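So the structure is just underneath, and the comments pick up after that.
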Amino acid sequence: MTLAQVIVSVCMISGAALTLVAAIGIARFPDLLARMHAATKPQVLGLMLMMAGLAVGLGSSQITWKVTLVVIFQLITAPVAAHMVGRAGYRTGKIRSDLLVADELTEDLEAARLRDEH
């Protein structure tokens, strides 16, 4: 077994394990915010590891650029999508306020409402 095959194997297995952890977290966590965290953090890292394994395994510069673009787009879109899902969930009442440690959005929305009234 060559060094490249070991790197590919480690990256693929680690990426698959992180993706599995993300899926379990989505199924097991109690509320929207925790599920959203599970859907973004380990899943993105798992995708990055799998794409790194793919780039090393195939060894083509064309493939490397393509998987680099996939990772960049995922890094750009995952936080934005998670933010929008969290905000929509908050506004529709899907967030369990008893699990929040700090709730700055309520304060911000209340301040904005008071500004709009005056």
Side-chain angles (χ1 to χ4, degrees):
M1 207 169 181
T2 66
L3 179 62
Q5 290 173 331
V6 171
I7 292 172
V8 170
S9 298
V10 167
C11 286
M12 289 293 191
I13 291 170
S14 299
L18 281 169
T19 303
L20 177 64
V21 167
I24 292 170
I26 290 170
R28 300 278 304 179
F29 283 161
D31 68 330
L32 176 71
L33 294 179
R35 289 178 182 159
M36 183 180 62
H37 179 76
T40 55
K41 304 284 182 187
Q43 192 274 331
V44 171
L45 182 57
L47 176 80
M48 289 171 57
L49 286 169
M50 293 179 91
M51 292 295 114
L54 182 65
V56 170
L58 296 177
S60 169
S61 62
Q62 290 178 338
I63 297 295
T64 302
W65 282 109
K66 289 176 185 174
V67 298
T68 302
L69 285 175
V70 168
V71 169
I72 289 171
F73 288 137
Q74 187 69 28
L75 286 172
I76 292 170
T77 59
V80 174
H83 177 78
M84 297 309 293
V85 167
R87 195 149 174 111
Y90 189 89
R91 288 180 182 247
T92 59
K94 303 294 185 210
I95 305 298
R96 289 181 48 188
S97 59
D98 60 322
L99 296 177
L100 295 178
V101 175
D103 188 5
E104 296 171 356
L105 186 55
T106 297
E107 297 167 7
D108 291 345
L109 291 174
E110 184 65 27
R113 187 184 62 77
L114 290 174
R115 263 195 322 265
D116 290 342
E117 288 179 359
H118 296 305

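This one's a predicted model, so the numbers in the text were calculated from it and none came from an experiment.
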Who clusters with [X]? Use side-chain heavy atoms, under 4.5 angstrom, across I, L, V, M, F, W and Y, and order the result by chain and number.
X: Ile72; answer: Ile76
X: Leu69; answer: Phe73
X: Leu114; answer: none

Which pairs of donor and acceptor atoms, one on a side chain in residues 37-60, lie under 3.5 Å apart (sequence neighbours left out)?
residue : atom : partner : partner atom : Å
Thr40   : OG1  : Met36   : O            : 3.1
Thr40   : OG1  : His37   : O            : 3.3
Gln43   : OE1  : Gln74   : NE2          : 3.4
Ser60   : OG   : Gln62   : N            : 3.3

Considering residues at least two apart in sequence or located in another chain, which fulfil the side chain to side chain donor-acceptor pair (under 3.5 Å) criterion with Glu110?
-> Arg113

Got a list of side-chain donor-acceptor pairs under 3.5 Å for residues 6-34, not counting sequence neighbours?
residue : atom : partner : partner atom : Å
Ser9    : OG   : Gln5    : O            : 2.8
Ser14   : OG   : Val10   : O            : 2.8
Thr19   : OG1  : Gly15   : O            : 2.9
Asp31   : OD1  : Ala34   : N            : 3.3

